[in-house]
**Student:** 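Please see the structure below; I have some questions.
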There are 2 protein chains.
Amino acid sequence: MGNITIKMLAKELNLSTAAVSKALNDSHEISESTKQRVLELAAALNYVPHPYAGSLREKKSNTIAVVIPEVADSFFSLALNGIESVAIEKGYHALIYLTHERFEREKTILKDLESGRVDGVIMSLTMKTNTFGHLKTLNKIVPMVFFDRVCEEIDTAKITTNDEECGYQATQHLIDQDCKKIAILSISDSLSISSKRMQGYQRALLDSGRAYDASCVIDYSEDPAENLEQLRKAFKAAGRPDGIVATVSKMTTDIYLVAMELGLRIPEDLKVVSFSNDSTVAILNPSLTTITQPAFEMGELAANILFRALKKKDLIWTEESRVLPSQLFIRNSSTGSL
Amino acid sequence: MGNITIKMLAKELNLSTAAVSKALNDSHEISESTKQRVLELAAALNYVPHPYAGSLREKKSNTIAVVIPEVADSFFSLALNGIESVAIEKGYHALIYLTHERFEREKTILKDLESGRVDGVIMSLTMKTNTFGHLKTLNKIVPMVFFDRVCEEIDTAKITTNDEECGYQATQHLIDQDCKKIAILSISDSLSISSKRMQGYQRALLDSGRAYDASCVIDYSEDPAENLEQLRKAFKAAGRPDGIVATVSKMTTDIYLVAMELGLRIPEDLKVVSFSNDSTVAILNPSLTTITQPAFEMGELAANILFRALKKKDLIWTEESRVLPSQLFIRNSSTGSL
DNA sequence: ATGAAAGCGCTAACAC
DNA sequence: GTGTTAGCGCTTTCAT
């Protein structure tokens, strides 16, 4: 660990630690000449203040935690990017915690964060998070901002996109392309973004006078083999879907591969729309129609709100919540123009 | 920040803080009965020890820093994933710092890390890092492990892949596919992985009796528009390449798009091999032949070595260096089998 | 303008 | 088996 301390500087300069500390912090009660001397020696000795000593006294760590399900995912990595950009700019440090979609991990991590390790938390829930006690407890101790997979039950700022609308748009787009039977890939029963996307899907069906068919819902599974099997079953069935909305980008590859395997052509036999932030969507075979979230901006915004709140305590949190629009990009996977 | 302290527990229980501390740490010099009492109250009051107080005393933060160029990148996000997995398992916390390929940012970050904020550092250099003083300084204070974009000048553990060989393999593969003129996309002049891949490329050319042609080297630029322009120029030239090795995955999309734009068919007119960890390579149009690095494992290994070193100081660092093999996956972008 | 001293929360000698 | 004390590195009253 870092070695050279204020005490050493003080001794070397025949000053008190107090004087050195004040000089280092450019206090007005220190003469210019001593400030000079202190600063010079500090630079010469390569003095770097020990952050944890300061934190202990000031009860302020200048550190935030980012708790997300996964980082090897284009949405979350872009969001993290946005968060980190703001953090560094504001002089904060970011601890990263991955839950890997495990509820238990989320609870353990949040429990640790009650310690005072961080001044604030930015997070996105696990797919399986269905109780909220651990969130409520932490939120009493430390400011939290949620993004994307937010917790409706907690009274704090939340950054989301227009999920219901996007579910609607994606579905409506497939309806416009003459799809007769539209399946949807759903990620979670408990997550609000998931149910919102599902609601949009159902509303679109209803608006065009179609009945909601529960057999059209394919649930995402942790087990990749299981996912492939689900898709095979769905695509082989007598009344197989001719359109599919994937609310989670990681299953896009599976859809393409299973379609290929079964000789289903995209988009002729099956039209696909996927929620995705992946940069390769334009060069897929065929290029993929997507709902794309403003991932970087969501991260940036979440961080900005958190840091603003960290400055002035008198913030009305929930009023800071924002809904950023996602965008539908129509490409070849959902149109006839291949 | 966290509020309930050992002092409070002590008062409540009519014990000294020392006794409480020992009880909490399950010391043998404390009676079972008091341990019980302490543990119960701690649980009831939801006591969580303040990490920075401990760090200050123990001169140990249980925190590491991960310094990488970018996180919205499949290689680095997978590596981060590997690092975080190990860290959490060992009870460590991971601070994440993104350099965004800026040398200045790298220096600033490393300077801060001299403070004792972390017990160790895992990092991958900027494309532009060409002096090493900041690395040497930090390495004297805190153990460092490099991965992928390593610094040869520093005497510590380095996790790499067989970059020279991979450059060779990729090039040889294109030669085997009858490519007459093979271009290479290079990322940096100063990075050792970059020059190794380049060396492999040159060796393959030489082995098949070809001359190295400097005009075949396309340099990666920060500016996306500039990159596209470079590719257009190269692909339009009279003696345009019929094969290309991309040593950096982010330009794959550009290659595909420019080829499309100019009416060049992949693989018929232009065969492509790219270094990539992207999960969508199999469903690109056409599917992409890749050199794929063991990203997750590299992160895991780097972390394991670091944590092992943190335990026992008597470690011979350089001997811990490891070269993990990358793998060539032949797909349609480089073969005739479309 | 500078110094002495206390204290942030914790642990580790060293008493008793 | 439990308490007293000192100290990690820093800032901040409160003297002087």
Side-chain angles (χ1 to χ4, degrees), chain A residues 1-39 41-42 45-63 112-119 141, chain B residues 1-39 41-42 45-63 91 112-119 141-142:
Chain A
M1 304 203 21
N3 30 15
I4 145 108
T5 71
I6 278 196
K7 211 185 202 169
M8 298 174 186
L9 296 181
K11 191 154 74 176
E12 191 77 18
L13 294 164
N14 277 323
L15 282 172
S16 71
T17 59
V20 175
S21 172
K22 285 171 188 166
L24 255 14
N25 293 304
D26 199 28
S27 161
H28 43 272
E29 37 180 348
I30 296 291
S31 74
E32 280 308 318
S33 61
T34 30
K35 275 188 197 171
Q36 284 301 337
R37 296 206 306 135
V38 171
L39 259 22
L41 185 65
L45 263 44
N46 196 24
Y47 167 75
V48 184
H50 192 113
Y52 299 148
S55 291
L56 197 55
R57 248 205 78 101
E58 317 265 285
K59 296 188 166 306
K60 183 164 185 332
S61 64
N62 285 303
T63 303
D112 175 278
L113 294 179
E114 293 174 16
S115 65
R117 186 182 297 280
V118 296
D119 298 339
I141 299 175
Chain B
M1 303 201 23
N3 30 15
I4 146 106
T5 71
I6 278 197
K7 213 188 205 167
M8 297 175 185
L9 296 181
K11 191 156 73 176
E12 191 76 18
L13 294 164
N14 278 322
L15 283 172
S16 70
T17 59
V20 174
S21 171
K22 285 171 187 165
L24 254 15
N25 293 304
D26 200 26
S27 160
H28 43 273
E29 36 178 349
I30 297 290
S31 74
E32 280 308 318
S33 61
T34 30
K35 275 189 196 169
Q36 284 301 338
R37 296 206 307 137
V38 171
L39 258 23
L41 185 65
L45 262 44
N46 197 24
Y47 167 76
V48 185
H50 192 114
Y52 299 147
S55 291
L56 198 55
R57 247 207 80 102
E58 316 265 284
K59 297 188 166 304
K60 183 165 185 330
S61 64
N62 284 303
T63 303
D112 175 278
L113 294 179
E114 293 174 17
S115 64
R117 185 183 295 281
V118 296
D119 298 338
I141 298 177
V142 117

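In the text below, chain A, chain B and the rest are named by the order of the sequence lines, each starting its count at 1. Note that the structure is a prediction, hence the values are computed from the model and not measured.
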**Student:** Looking for any heavy atom pair under 4.0 Å, which part of the strands does B:Ser21 touch: base, sugar-phosphate only, or nothing?
**Tutor:** base
**Student:** Look at the side-chain N and O atoms of B:Tyr47 and state whether any lies under 4.0 Å from the OP1 or OP2 oxygen of C:dC10.
**Tutor:** yes
**Student:** C:dC10 C1' sits how many Å from B:Met8 CE, rounded?
**Tutor:**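 Distance check: B:Met8 CE to C:dC10 C1' gives 14 Å.
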**Student:** Is the shortest side-chain heavy-atom distance between B:Leu45 and B:Met8 below 4.5 Å?
**Tutor:**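 The answer is no, as the side chains (C-beta and beyond) never meet within the 4.5 Å cut-off.
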**Student:** Counting side-chain heavy atoms from CB outward, which of C:dC10, D:dG9, D:dT11 is closest to B:Ile6?
**Tutor:** C:dC10
**Student:** Is A:Ala19 touching bases, backbone alone, or none of the nucleic acid, heavy atoms closer than 4.0 Å?
**Tutor:**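 The residue A:Ala19 makes sugar-phosphate contact but no base contact.
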**Student:** Given C:dG9, C:dG3, D:dG3, which nucleotide is nearest the side-chain atoms of B:Leu56?
**Tutor:** C:dG9
**Student:** Could you report the tightest heavy-atom contact between A:Leu15 and A:Val38, atom names first, then the distance?
**Tutor:** CD1-CG2, 3.8 Å
**Student:** Compute the angle between the rotation axes at the two ends of the helix from C:dA1-D:dT16 to C:dC16-D:dG1, each taken over five pairs, rounded to 10 degrees.
**Tutor:**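 For the helix from C:dA1-D:dT16 to C:dC16-D:dG1, the axes at opposite ends meet at about 50°.
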**Student:** Are the side chain of B:Asp119 and the backbone of B:Ser61 linked by a donor-acceptor contact shorter than 3.5 Å?
**Tutor:** yes
**Student:** May I ask you to verify whether the side chain of B:Lys59 and the base of D:dG9 hold a donor-acceptor pair under 3.5 Å?
**Tutor:** no
**Student:** Within the pair A:Ser31 and C:dT2, is there a side-chain N or O less than 4.0 Å away from OP1 or OP2?
**Tutor:** yes
**Student:** Within the 4.0 Å heavy-atom criterion, would you say A:Lys7 contacts the bases, only the backbone, or no part of the nucleic acid?
**Tutor:** sugar-phosphate
**Student:** From D:dG9, C:dG9, D:dG3, pick the nucleotide closest to the side chain of B:His50?
**Tutor:**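 Given the options D:dG9, C:dG9, D:dG3, the side chain of B:His50 is closest to C:dG9.
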**Student:** Below 4.5 Å, heavy atoms only, C-beta onward: do A:Ser115 and B:His50 meet side chain to side chain?
**Tutor:**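 A side-chain contact under 4.5 Å is absent here.
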**Student:** Please state whether the phosphate of C:dT2, meaning OP1 or OP2, lies under 4.0 angstrom from any side-chain nitrogen or oxygen of A:Thr34.
**Tutor:**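 Indeed, a polar side-chain atom of A:Thr34 lies that close.
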**Student:** Please tell me which of A:Asn25 and B:Gly54 maps to the more 5' nucleotide of DNA chain D, matching each residue to the nucleotide holding its nearest heavy atom.
**Tutor:** B:Gly54
**Student:** Of the nucleotides C:dA5, C:dT2, D:dT4, which one has an atom closest to the side chain of B:Ala18?
**Tutor:** D:dT4
**Student:** Could you pick out which residue, A:Thr17 or A:Ile30, lies toward the 5' side of DNA chain C when each is mapped onto its nearest nucleotide?
**Tutor:** A:Ile30
**Student:** Show the nearest heavy-atom pair for residues B:Leu113 and B:Val118, with the distance to one decimal.
**Tutor:**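 That closest heavy-atom pairing would be CD2-CG2, 4.1 Å.
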**Student:** Could you tell me the separation between the CG atom of B:Asn3 and the C1' atom of C:dC8, rounded to a whole number of Å?
**Tutor:**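 Rounded to whole Å, this separation is 14 Å.
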**Student:** Is there a donor-acceptor contact under 3.5 Å from the side chain of A:Ser27 to the main chain of A:Ala23?
**Tutor:** no
**Student:** Whole angstrom is fine here: how far is it from CG in A:Leu9 over to P in C:dT2?
**Tutor:** 15 Å
**Student:** Quickly work out the B:Asp26 CG to C:dT11 C1' distance and round it to whole Å.
**Tutor:**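 B:Asp26 atom CG is separated from C:dT11 atom C1' by 15 Å.
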**Student:** Nearest whole angstrom, please: distance from the P of D:dT11 to the CD of A:Glu29.
**Tutor:** 13 Å
**Student:** Look at the side chain of B:Arg57 and decide which nucleotide, out of D:dA6, C:dA1, D:dT12, has an atom nearest to it.
**Tutor:** D:dA6
**Student:** Rounded to the nearest angstrom, tell me the gap between atom NE2 in A:His28 and atom C1' in D:dT12.
**Tutor:**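 Atom NE2 in A:His28 sits about 12 Å away from atom C1' in D:dT12.
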**Student:** In whole Å, I'd like the distance from the CD atom of A:Glu58 to the C1' atom of D:dT11.
**Tutor:**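 It works out to 6 Å between those atoms.
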**Student:** Kindly indicate, with the supporting measurements, whether the criterion side-chain contact (heavy atoms from CB on, under 4.5 Å) is fulfilled by A:Leu39 and A:Leu24.
**Tutor:** CA-CA 7 Å; A:Leu39 259 22; A:Leu24 255 14; 3.7 Å; yes
**Student:** Round to a whole Å and report the spacing from NZ of A:Lys22 to P of D:dT16.
**Tutor:** 15 Å
**Student:** Quick check for you: to the nearest 0.5 Å, what is the distance between B:Arg117 atom CZ and A:Ser55 atom OG?
**Tutor:**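 With rounding to 0.5 Å, CZ (B:Arg117) is 7.0 Å from OG (A:Ser55).
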